[in-house]
Amino acid sequence: YDYNEKYRPAYHFSPQYGWMNDPNGMVYYNGEYHLFFQSNPYGSRWANMHWGHAISSNLVKWEYKPTSLAPDSIGSIFSGSAVVDKNNTAGFGKDAIVAIYTSAGALQTQSLAYSLDKGRTFTKYEHNPVLSDPKIADFRDPKVFWHQKTNQWIMSLATSQTITFYGSKNLKQWNKLSEFGEGIGNHDGVWECPDLFPLKYNGQLKWVLLVSINPGGPNGGSATQYFIGDFDGKSFNPDMTIPYPVWLDYGRDNYAGVTWNNIPDADGRRLFIGWMNNWDYANFVPTLNFRSAMTLPRELKLANNGKHVVLANYPVHELESLRSETVLLENISTDKEFVIEKLLNVNNGAYELEMEVDVLESEEFVLELQNKSKEHLDFIFDLKNETLNVDRSKSGIVDINEKFASVVSKAPLTKKDKYKIRLFIDSASSELFIDEGAVTQTNIMFPGEPYNSLLIKNKGKVLKINNIKIHKLK
Ligand code: FRU
């Protein structure tokens with residue numbers, strides 16, 4: 001394996017060898033975070049879907065494990081989830097880790113596999129599949145959790161352009177509870193990878209439903225929309241004060257993300273990871289021995305963006321342990337342009353920028369990362385039009401296919417006096433978080449060399465930046 005291959009990320013999860021797409025089966029058990037993923041162990045384009053596997057004790061450092069699930073006579077192994085069966089409801093054994101995944105053959109059906117050795121090896125259930133419906137071609141990506149109140153397992157399943165909820169006492173027999181999605185949200189593509197989970201907001205319990213869609217994303221290709229509402233153990237009722245569709249991330253490259261099951265109550269966090277790519281061009285990104293990386297692990301919270309409730313997503317605090325050296329610049333005021341010629345003395349392309357901006361009377365300001373070859377990646381805070389645009393058209397290799405560079409990603413940005421900005425750069429990715437993740441833009445890019453200078457441009461009257469911190473990341 002060539003870990004030094006160009007565009008191999010420094011601090012994002014990427015497969016050791018071969019192709020990777022969706023994160024799968026994320027579950028926490030016995031001090032370990034499991035990450036399974038859609039994997040082609042034989043090549044670096046989408047084919048032969050298996051579940052690859054990695055384990056971490058801290059969400060920062062991952063250890064590769066052998067492939068967990070391989071194709072069989074009823075199909076290849078598509079996306080799905082995993083649960084810890086504490087009460088042995090399925091009869092595979094107490095505390096079995098049970099994977100619920102899609103068998104993709106002539107039909108898409110749902111299957112089970114279980115592990116009695118802390119996720120190291122899996123045995124497929126002998127009577128697979130456990131759920132099928134020959135009338136629906138796109139019938140996949142089961143996400144299962146235990147619903148205490150109604151004392152049953154709930155499965156969210158993508159069924160063409162709706163999400164269907166099923167209930168079960170034993171993970172083996174499933175009955176349909178309800179269907180959600182007609183006439184609401186975006187329907188320009190097929191619905192995939194649902195996830196339903198509770199989150200507290202102002203002391204109240206709310207339910208969030210993630211739905212990935214391809215195509216139909218706000219900036220083209222694949223993206224993840226969400227709904228906020230209530231769930232009573234049978235059906236999901238969306239809160240209609242939210243201007244649907246709304247998106248988890250307005251960048252081009254955060255897809256098929258779902259959350260970890262079984263995070264201990266004492267921790268109480270809802271942890272998420274997404275696939276940092278887009279079906280518009282995923283098979284053609286310029287790497288050789290591996291393809292794709294995951295987003296940073298993020299914590300999800302409900303927040304207010306100044307206009308309505310949003311699903312904020314923000315890097316987990318564990319990632320602060322990656323900081324190896326910090327440069328601090330204070331009190332920068334500019335009415336036109338300000339340049340930081342050298343962000344880091346030795347820059348290998350892995351760093352984080354943090355800053356607080358007082359907008360004062362600026363109408364638009366731009367953060368432009370540049371390298372010596374004059375490639376640049378632009379973050380445009382258009383305060384007049386209340387949009388945050390990311391322009392990667394001159395960011396490096398962009399002729400991957402016609403869809404890669406053509407679109408400037410736009411996100412809604414409520415006009416405020418101050419913004420708190422965090423930007424994570426790795427060898428082939430940028431993740432921008434405004435105000436603790438109330439606005440997020442994740443976009444990949446392929447510069448010839450790391451960006452090591454920052455040009456800040458301002459339109460309008462003075463802009464003040466209190467504190468720029470540049471953290472080099474291990
Ligand atoms: C989403 C997806 C899923 C499917 C998997 C196949 O990216 O299309 O719906 O299970 O990828 O690899």
Side-chain angles (χ1 to χ4, degrees), residues 15 18-26 35-53 67-72 74-82 99-113 129 131-133 136-144 155-164 181 186-195 209-217 220-225 247-249 252-259 272-285 291-295 442 444:
W19 163 270
M20 174 178 81
N21 57 295
D22 314 357
N24 294 150
M26 291 112 82
L35 172 63
F36 301 89
F37 52 90
Q38 288 288 282
S39 154
N40 177 7
Y42 306 116
S44 51
R45 296 231 161 116
W46 187 89
N48 316 310
M49 281 299 111
H50 290 58
W51 273 25
H53 187 205
T67 295
S68 294
L69 294 169
D72 55 38
I74 56 169
S76 52
I77 315 294
F78 272 20
S79 288
S81 52
I100 308 100
Y101 59 90
T102 300
S103 291
L107 266 184
Q108 298 187 346
T109 58
Q110 318 320 315
S111 292
L112 305 178
L131 178 62
S132 48
D133 185 341
I136 314 176
D138 291 299
F139 189 70
R140 59 176 179 265
D141 307 339
K143 175 82 202 257
V144 176
M155 177 196 290
S156 312
L157 193 71
T159 45
S160 297
Q161 289 207 357
T162 58
I163 302 305
T164 304
N186 186 296
H187 286 269
D188 293 343
V190 64
W191 284 23
E192 302 182 318
C193 301
D195 191 4
L209 178 64
L210 301 181
V211 178
S212 283
I213 181 168
N214 178 40
S222 44
T224 301
Q225 58 181 326
W247 305 89
L248 175 93
D249 191 314
R252 294 272 275 152
D253 301 295
N254 184 350
Y255 191 60
V258 288
T259 65
F272 166 97
I273 205 165
W275 173 48
M276 200 157 53
N277 216 327
N278 189 314
W279 281 118
D280 266 359
Y281 42 72
N283 273 288
F284 307 101
V285 296
R291 247 195 202 92
S292 293
M294 295 299 180
T295 65
T442 302
I444 59 174

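Atoms within a ligand are numbered from 1 in the order they appear, just like the ligands themselves. Heavy atoms only: backbone and side chains are in, while hydrogens, waters and symmetry mates are out.
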Identify the protein heavy atom lying closest to [atom], giving its residue, its atom name and the separation to 0.1 Å.
{"atom": "atom 12 (O) of ligand 1", "answer": "Q38 OE1, 2.6 Å"}
{"atom": "atom 2 (C) of ligand 1", "answer": "D22 OD2, 3.4 Å"}
{"atom": "atom 8 (O) of ligand 1", "answer": "E192 OE2, 2.9 Å"}
{"atom": "atom 4 (C) of ligand 1", "answer": "D141 OD1, 3.6 Å"}

Taking only heavy atoms of [X] into account, list the atoms of ligand 1 that are under 4.0 Å away from them.
{"X": "Y255", "value": "1 (C), 7 (O)"}
{"X": "N21", "value": "5 (C), 6 (C), 7 (O), 11 (O), 12 (O)"}
{"X": "R140", "value": "3 (C), 4 (C), 9 (O), 10 (O)"}
{"X": "S79", "value": "5 (C), 10 (O)"}
{"X": "F78", "value": "4 (C), 6 (C), 10 (O)"}
{"X": "M49", "value": "12 (O)"}

> With respect to Y101, which candidate in N24, L112, I77, D141 satisfies the side-chain contact (heavy atoms from CB on, under 4.5 Å) definition?
Replying inline: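 When side-chain contact (heavy atoms from CB on, under 4.5 Å) is applied between Y101 and each of N24, L112, I77, D141, only I77 qualifies.
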> Going by atom types only, do D138 and S160 share a side-chain donor-acceptor pair under 3.5 Å?
Replying inline: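 No, no side-chain donor-acceptor contact under 3.5 Å.
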> Does a side chain donor of either T295 or T442 reach within less than 3.5 Å of an acceptor in the other side chain?
Replying inline: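 No - no donor-acceptor pair under 3.5 Å links their side chains.
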>> Is the ring pair F36/H53 parallel, tilted or perpendicular, if the boundaries are 30 and 60 degrees?
In response: parallel
>> Side chain, backbone, both or neither: which applies to N214 and ligand 1 if a contact is any heavy-atom pair less than 4.0 Å apart?
In response: neither
>> Applying a heavy-atom cut-off of 4.0 Å, say which part of W275 lies close to ligand 1: side chain, backbone, both or neither.
In response: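 No part of W275 comes within reach of ligand 1.
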> Quick one: does D195's side chain have a donor or acceptor within less than 3.5 Å of a partner on L210's backbone?
Replying inline: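 Not confirmed, D195 side chain does not pair with L210 backbone.
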> Among T224, N277, D249, which one satisfies side-chain hydrogen bond (donor to acceptor under 3.5 Å, both in side chains) with N254?
Replying inline: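 Running side-chain hydrogen bond (donor to acceptor under 3.5 Å, both in side chains) over T224, N277, D249 with N254 returns exactly one hit, D249.
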